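FYI, side chains are in, hydrogens and waters are out, and symmetry mates aren't considered; it's all heavy atoms of this structure. As the structure is a computational prediction, the values presented were derived from the model and not from experiment.
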Amino acid sequence: MHGFANPKRFLALAKWLTPLLLVSGLALATIALVWGLFFVPPDRLMGETVRILFIHVPAAWLGMGGWTAIAISSLVLLVWKHPLASLAARAAAVPGAVFTALCLITGSIWGRPTWGTWWEWDGRLTSMLVLLFLYFGYIALAQAVSREGGSSRIPAIFGLVGAINIPIINRSVVWWNSIHQPPSITVGKSAIDPAFLIPLGVAVLGFSLLFGGVVLARMRALLAEIQTEARLRRKASGSE
């Protein structure tokens, strides 16, 4: 893990891995969306509205996955003091928030014809909305710490505490009475027809690769910003 603590070594890896993830992710996501929107048959119960599944499920997965990445990076920073861990957490925050918002928007659009309402204070929906607010809080806190020169441990602790919400989201449809459908995919089992499951798997993989590429690109940008600021400080101190 510490082998990539050196910024030069990390940048050398990210330089070729970033476009690889972005291009392959975009290709797979496009294939999955075309497959799901135009070639998958309508669902027996939900009809044509089932097609939003191919955006909603990957968005929900990556909304939770983004915060999981923040929590893991925060743990690495606090325990092992990895120099790039805080950058990884900051880089995952914005795309994680975008996917969480996309999950809520597509879920609302899907819920209107399915449940007869745009929104319900259901356990799954409410905990997902809390996740979006947690993202906003983390982004604001990380930016404030970066701008004011505070300790990176503060947003790291926030990232770990916020991770409590992830299992709540995951188990909410089991713990409480919910209008949201129960888990369709569990260990070794799936209630989804293969006609939907295969393109859904391709969509999740494609969007996940895109997410990874965006995170690496943001890490490179943040690292370049830090290095530029460090060079400017050195020049300013030298001129004095």
Side-chain angles (χ1 to χ4, degrees), residues 52 55-82 84-111 118-183 204 207-219 221-222 225:
I52 206 167
I55 299 176
H56 178 71
V57 171
W61 161 258
L62 290 170
M64 292 188 291
W67 196 275
T68 302
I70 290 175
I72 293 173
S73 299
S74 299
L75 180 65
V76 170
L77 173 66
L78 293 172
V79 176
W80 290 284
K81 298 179 174 59
H82 196 293
L84 295 181
S86 61
L87 289 184
R90 287 176 60 192
V94 172
V98 170
F99 276 110
T100 301
L102 185 61
C103 169
L104 289 168
I105 293 169
T106 54
S108 181
I109 295 171
W110 199 359
W118 293 100
W119 181 263
E120 185 74 27
W121 291 103
D122 171 84
R124 172 62 62 84
L125 278 67
T126 303
S127 55
M128 204 70 190
L129 181 62
V130 169
L131 179 62
L132 182 61
F133 290 146
L134 286 172
Y135 271 118
F136 290 158
Y138 181 88
I139 292 169
L141 183 59
Q143 289 178 344
V145 167
S146 175
R147 185 173 57 251
E148 303 298 333
S151 172
S152 58
R153 294 172 61 88
I154 298 173
I157 293 171
F158 184 85
L160 284 177
V161 173
I164 296 172
N165 192 46
I166 299 302
I168 293 176
I169 295 173
N170 181 260
R171 304 302 296 170
S172 58
V173 293
V174 177
W175 292 343
W176 300 297
N177 291 328
S178 176
I179 63 171
H180 194 284
Q181 67 184 55
V204 170
F207 281 111
S208 297
L209 293 175
L210 273 176
F211 183 92
V214 170
V215 169
L216 284 181
R218 284 180 49 79
M219 286 184 69
L222 290 170
E225 180 182 330

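Residues N165 and I168 have side chains in contact (heavy-atom distance under 4.5 Å, counting atoms from C-beta outward). I166 is listed as a side-chain neighbour of L131, based on a closest heavy-atom distance under 4.5 Å. Looking at heavy atoms from C-beta onward, I72 lies in side-chain contact with T68 at the 4.5 angstrom threshold. Counting heavy atoms from C-beta outward, L129 and W121 have side chains that approach closer than 4.5 Å. Side-chain contact check for F158 versus I70: every heavy-atom pair is 4.5 Å or farther apart.
Taking Y135 as the reference, W67 meet the ring-ring contact (aromatic ring centres under 6.0 Å, His included) condition, with sequence neighbours excluded. Applying the ring-ring contact (aromatic ring centres under 6.0 Å, His included) rule to W118 yields no partners; only residues at least two apart in sequence or on another chain are considered.
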Practice task
Mind running side-chain contact (heavy atoms from CB on, under 4.5 Å) on S208 and L62 for me, showing each step along the way?
Solution key: CA-CA 7 Å; S208 297; L62 290 170; 3.7 Å; yes
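With hydrogens and angles ignored, the 3.5 Å screen pairs no side-chain donor or acceptor of S146 with any backbone N or O of A142. Looking only at distances, no side-chain donor or acceptor of H82 sits under 3.5 Å from a matching main-chain atom of L77. Side-chain N or O atoms of T100 include one that pairs as donor or acceptor with a backbone N or O of G96 at under 3.5 Å. A donor-acceptor contact shorter than 3.5 Å is absent between the side chain of T126 and the backbone of G123.
Between Y138 and R90 the shortest heavy-atom distance is OH-N, 3.9 Å. Nearest heavy-atom pair across R124 and S172 is NE-OG, 3.1 Å. Heavy atoms only, all atoms of each residue included: L160 and S74 are closest at CG-CB, 4.1 Å. The two residues V215 and P95 make their nearest non-hydrogen contact at CG2-CG, 4.2 Å. For R218 against V94, the heavy-atom pair with the smallest separation is NH2-CG2, 3.5 Å. Of all heavy-atom pairs between A91 and M219, the closest is CB-CG, 3.4 Å.
Atom CH2 of W61 is surrounded by 12 or fewer heavy atoms from other residues, nucleotides or ligands within 6.0 Å.
Ring pair F136/F133 is tilted by interplanar angle, where 30° to 60° counts as tilted.
Atom CG in L78 sits 10.5 Å away from atom OG in S86 (nearest 0.5 Å). With rounding to the nearest 0.5 angstrom, the CD1 atom of I109 is 5.0 Å from the CD1 atom of I52. Expressed to the nearest 0.5 Å, how far OG of S127 lies from CD1 of I164 amounts to 13.5 Å. How far NE2 of H56 is from OG of S108: 10.5 Å, rounded to the nearest 0.5 Å.
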